[in-house]
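Please read the structure below before turning to the comments.
In the text below, chain A, chain B and the rest are named by the order of the sequence lines, each starting its count at 1.
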Amino acid sequence: MKEFPKQYNFKESEQAIYALWEKSGFFRPEKIRSQKKYTNILPPPNANGELHLGHASGYAVMDIFGRFERMRGKKVLLLPGKDHAGIQTQVVFEKKLKSEGTDARQLGRTDFYRQALDFTLKNAEYMRSQEKRVGISADWSREKFTLDPQISKVAMETFVKMYQDGMVYKGKRIINWCPSCATSLSDLEVIHKEKEGKLYFIKYPFKNSEEFITVATTRPETMLGDTAVAVNPKDSRYFRFIGKTIMLPLMKREIPLITDRRIDMNFGTGAVKITPAHDMLDWQIGKDNNLEEIQVINEQAKITELGGRFKGQSTLEARANILSDLKKLDLFEKEETVKNSISLCERCKAVIEPLVSLQWFINVDAEKFSLKKEAIKSIKAGKINFYPENFKKIMLQWFNGLNDWCISRQIWWGHQFPVWYCQCSSEEPIVSLERPKACPKCGSQKIIQDENTFDTWFSSGQWAYTSLGFPNGSDYKNFYPSQMMVMGRDILFFWAARMVMMSLYRTKNVPFKNIYFTGLIRDREGNKMSKSRDNGIDPLQMIEKFGADALRLSLVMDISAGQDSRLYEEKIENYRNFVTKLWNIARYAKTSVPDFCLIKKLKKNSIKTVSNRWIITNLNQTIEEVTKFMEEKNISLAQERLRNFTWDDFADWYIEINKMEKNPEVIGFVLDKIIRLWHPFAPFVTEKIWQEIEAKNKMLMISEWPQKTACVFPTKEKKYFQDLKNLVTKIRNIKANYRIKPADRIVAYAENFAEKSIIEKLAKIRILKYPKNEAKLVRVEFGDKKIFLDILSKVDLKKELINMERELDVLKTAIEKHKNLLKNPGFLKKAAQEQIVSARERLLGYQTNLKEKNEIMGNFKKLV
RNA sequence: GGACGAUUAGCUCAAUUGGCUAGAGCAUCUCGUUUACACCGAGAGGGUUAUAGGUUCGAGUCCUAUAUCGUCCACCA
């Protein structure tokens, strides 16, 4: 017989086991014969860095559900992929180029793209190896990349189709511009940060007048592009000035004083300088009032030639110079310190410059197909289940306030627009997947492609169907829409919402039936993990140290969907201990029982005795509850229930304490079920145990999820055994604590002779009489009061009185619980009530309080 | 400004529809055990479930306020 290793060596086992799984081919759904399908398209990580805890926790969740469904006999497809991650990769890769002493411009677009692709693909391979270490049972043969030709083609087609349907347009609008990344950004890619700033009060003199109006601004440099000053129409302070002309200082340009309801009278002076080219609200006001847009800041955040003598200065230089000039002219009134929020680029944290620029937009509320309304409709119709549920509300709210989506980016890394221009008319785009051979208008062959690339979320927003080979691929036909989607709650809008919209448009169906959000993993203090804080935990390091199973368990313990959690080494260590415990349970079974094997079905006569019946009944309940929790997507509760059964009931009680009643067959049976139940959570150690004991070809990964066995006893009796267990434990403790020989002092009445002897054996006490009239009641008495008090006299009286009260509570509970077993419940209820109340009063000398009395009465009332 | 979430043991979190004694893990203390497992076992202490009201026979759970913390969205001239 093979020696069962003394210690679980996860380092050796994990790689071998993963190789075994992969080789078996069961990661591919084709290998599983079943009609029922389960698809989970894994969120493609950005292929430009390392695997981090966020990925790991998502993968743990997905793999747990995936393995669970696979064991339940479903054709499971976990589809992995990688994202090219437009701007982020561009930033990362440009840094790399810089460190190599070159830059994008030197390389040129074609070479840059080629090298970035090379870099990304290499990195994708590296990340794939890291993903495997987490143990994810994904079908690697199907792995996709957002820049794969087939996937790109479908994504581009969507754009062409949208163009034809009048859902995209090219327009000059004010957009968020990142001077550092040199590209436009969607609203979502801009983050706001509260910061202390200065509010400058500047006098704007009226034309041919000594009077002036004071405006307040945080960005004086934009005044070069002012085309009006606005006040609220209700603001009586300025009534007399309305319609007058202002001489814009420094620029000596005439600008009007206009009114607009959007101006807040209470902020600053109530008068606002309007710069349509460099402010979101000003742009709106400018549109409504037909104001000129004067761009005085360029894409590098420098002043343009329209900024007169400040041309070429950076915005900060210009600000200082403008302020000093104003001071010289005595037009500077004062400055105040204010808190205001500044806009930053999500990726590089540079300050955003709002600029007017020619960009491509998706009209989210187009006539032909309203992405916004269709999304709202299907979510309201309940076509997607949200975990947690309240995220549905958050998403709906977002859709309601959704504005047009800027999808063009001025970077090189990503999908270039399938849009072409001929020299003859740069205004008229030709939208087509293929480069046109000649201009349809003038026949010229000099055709250039639009320089823009797509927002990375435009392609990942289509991932749900592109990755499955939409529109004709067999995977699309077989596996769309997927059953499950798991993602971090931080990309709810970026990705989940966009996927819903895009999928509805192209497939007329929702992209997934269920969506589960994971929270952020924080450090011990609850801080975000970040490089600057240096508080990050590297998942690979943890796997090295504690094993993949321990890491997985620690990532899904104590969590609920959408809620942030904290992680630190002790937590992972704690789960490593549990993995060891599982191992040792198996090792004990295998080494202490001759010819031990896992038992699938139990013979009826193996479960005659009380503790066997008890453990089996408890196992049944565990299977039932764990399955239910898993179906409800509640990993934490499933795991907790399972852990309690495994450790407390099976290992500590059935095997350890209950030395006389255990049955090898029952151990084989329970262990068989336990390792199946644990497999989704801790796949490696359970598979290893299975291989050690079974040593057959079949793998645990594809064995069946346990079913409840035919219930050996009526469920109502389950509690009875639980109490029996508790009573025995209690007796043992009393013996231990008081250091007495309790044989003649503690008396137990048992249901029948068999149980009487069990209690005698287990608790090592002598059972006195077996009174006929006590029926099925199990009761512990503390002997004669006198004897009990004798014991008390030897120890601290106060402490023992408290203990005595507790023991009486146990008695109360036991009586309460078993009243259902009695044929005449009324009798016992009354008896129990009297007994408890009087006992307490007698012992502690206080009156039963009103609340408790009410509680008892309430319960009784309900029963009657 | 709008929305959402949270507040339970020293710490991290549970508590499935309002219901049996509010539970785990870590930490602390006591005892036990050294051939399944010191990566162990049995116990104990520790809670006015943020506060104040309300509904109910019964509230951690439902309602109404308040406080504190957090997140997201919008705006900030």
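- The side chain of A:Phe629 sits closest to B:U16 out of B:A36, B:A74, B:U16.
- Nucleotide B:G43 forms a Watson-Crick or G-U wobble pair with B:C29, both donor-acceptor distances falling under 3.5 Å.
- Between the CZ atom of A:Phe494 and the P atom of B:C72 there is a distance of 11 Å, rounded to whole Å.
- Nucleotides B:A9 and B:A15 place their C1' atoms 15 Å apart, quoted to the nearest Å.
- Spacing between atom CH2 of A:Trp583 and atom C1' of B:A38 amounts to 20 Å, rounded to whole angstrom units.
- Residue-level contact check: A:Ser592 touches neither bases nor backbone, having no heavy atom under 4.0 Å from any strand.
- With A:Trp647 as the fixed residue, the ring pair (Phe, Tyr, Trp, His ring centres under 6.0 Å) test singles out one of A:Tyr654, A:Phe578, A:Trp678: A:Phe578.
- With A:Tyr516 as the aromatic partner, A:Lys633 does not meet the cation-pi criteria of under 6.0 angstrom to the ring centre and within 45 degrees of the ring axis.
- With rounding to whole Å, A:Phe399 atom CZ is found 24 Å from B:G2 atom P.
- A:Ile394 has its CD1 atom 13 Å from the C1' atom of B:G70, to the nearest Å.
- Distance alone, capped at 3.5 Å, places no donor-acceptor pair between the A:His192 side chain and the A:Leu344 backbone.
- Spacing between atom CH2 of A:Trp398 and atom P of B:C72 amounts to 15 Å, rounded to whole angstrom units.
- A:Arg219 comes within 4.0 angstrom of nothing in the nucleic acid, heavy atoms only.
- A:Ser636 comes within 4.0 angstrom of nothing in the nucleic acid, heavy atoms only.
- With a 3.5 Å ceiling on both atom-pair distances, B:U35 lacks any Watson-Crick or G-U wobble partner.
- Nearest nucleotide to the side chain of A:Ile585, out of B:U71, B:C4, B:A36: B:A36.
- Among the heavy atoms of the strands lying under 4.0 Å from A:Ile263 is at least one base atom, whether or not backbone atoms are also near.
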(message) salt bridge (charged side-chain N to carboxylate O under 4.0 Å, His left out) for A:Glu336 and A:Lys334? Distances and angles first, verdict last.
(response) CA-CA 7 Å; A:Glu336 278 177 8; A:Lys334 59 172 176 175; 3.3 Å; yes
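- Between the CG atom of A:Asn176 and the P atom of B:C75 there is a distance of 9 Å, given to the nearest Å.
- Minimum atom distance to the side chain of A:Asp652 is reached by B:A42, of the listed B:A42, B:G23, B:G2.
- The 5' end of RNA chain B is approached more closely, in terms of each residue's nearest nucleotide, by A:Asn574 than by the other of A:Asn574 and A:Arg262.
- For the P atom pair drawn from B:U28 and B:U35, the interatomic distance equals 26 Å after rounding to whole Å.
- Considering only the side chain of A:Phe493, B:C73 comes nearest among B:C4, B:C73, B:A36.
- For A:Asp187, the listed nucleotide lying nearest its side chain is B:A74; candidates were B:A74, B:A3, B:U16.
- Contact annotation: the side chain of A:Trp398 never approaches that of A:Leu492 to less than 4.5 Å [non-hydrogen atoms, C-beta and beyond].
- A distance of about 38 Å separates the C1' atoms of B:G32 and B:G19, rounded to the whole Å.
- B:U64 is paired with B:A52 under the Watson-Crick or G-U wobble criterion, all donor-acceptor distances under 3.5 Å.
- With P as the reference atom, B:C29 and B:C20 are 34 Å apart, rounded to whole Å.
- Among the heavy atoms of the strands lying under 4.0 Å from A:Asp264 is at least one base atom, whether or not backbone atoms are also near.
- With B:C4, B:A36, B:U12 as the candidates, the nucleotide lying closest to the side chain of A:Lys571 is B:U12.
- Sorted by first and then second residue, the salt bridge (charged side-chain N to carboxylate O under 4.0 Å, His left out) pairs involving residues 268-284 of chain A (not counting sequence neighbours) are A:Asp226-A:Lys273.
- A:Gln284 places no side-chain N or O within donor-acceptor distance of the main-chain N or O of A:Leu281, the cut-off being under 3.5 Å.
- Taking atom CD on A:Glu573 and atom C1' on B:C37, their separation rounds to 15 Å, with Å as the unit.
- Across the P atoms, B:A42 and B:G47 are found 24 Å apart, a figure rounded to whole Å.
- Regarding A:Leu553, its CG atom lies at a distance of 13 Å from the C1' atom of B:G25, rounded to whole Å.
- Remark: B:C72 base-pairs with B:G2. Criterion, Watson-Crick or G-U wobble with two distances under 3.5 Å.
- Pair check for B:G18 finds none; no Watson-Crick or G-U wobble contact set falls under 3.5 Å.
- A:Lys6 comes within 4.0 angstrom of sugar-phosphate atoms only, judged by non-hydrogen atoms across all strands, and of no base.
- Contact annotation for A:Glu640: backbone-only contact, meaning every heavy-atom pair under 4.0 Å involves sugar-phosphate atoms and none involves a base.
- In this structure, of B:C4, B:U16, B:U12, it is B:U12 that holds the atom nearest to the side chain of A:Tyr568.
- In this model, the phosphate group of B:C4 is approached by a side-chain N or O of A:Lys393 to a distance below 4.0 Å at OP1 or OP2.
- Separation of the P atoms belonging to B:U55 and B:G60 is 16 Å when rounded to the nearest angstrom.
- The separation of B:U7 from B:C37, taken at their C1' atoms, amounts to 39 Å, rounded to a whole angstrom.
- In this structure, B:C13 forms a base pair with B:G23, meeting either the Watson-Crick or the G-U wobble geometry with both donor-acceptor distances under 3.5 Å.
- When the nucleotides B:C4, B:A14, B:U12 are ranked by their closest atom to the side chain of A:Arg566, B:U12 comes out on top.
- Ranked by how close their nearest RNA chain B nucleotide is to the 5' end, A:Ser565 and A:Ala586 are led by A:Ser565.
- In this structure, the side chains of A:Arg643 and A:Met557 stay at 4.5 Å or more apart for every pair of heavy atoms.
- For the C1' atoms, the distance from B:C72 to B:C57 is 42 Å, rounded to whole Å.
- Closest to the A:Arg489 side chain, of the nucleotides B:U71, B:A36, B:A15, is B:U71.
- Legend: residues meeting salt bridge (Lys or Arg N to Asp or Glu O under 4.0 Å) with A:Glu632, ordered by chain and number and at least two apart, are absent.
- Each of B:A6, B:C4, B:A15 was ranked by its minimum atom distance to the side chain of A:Gln563; first place goes to B:A6.
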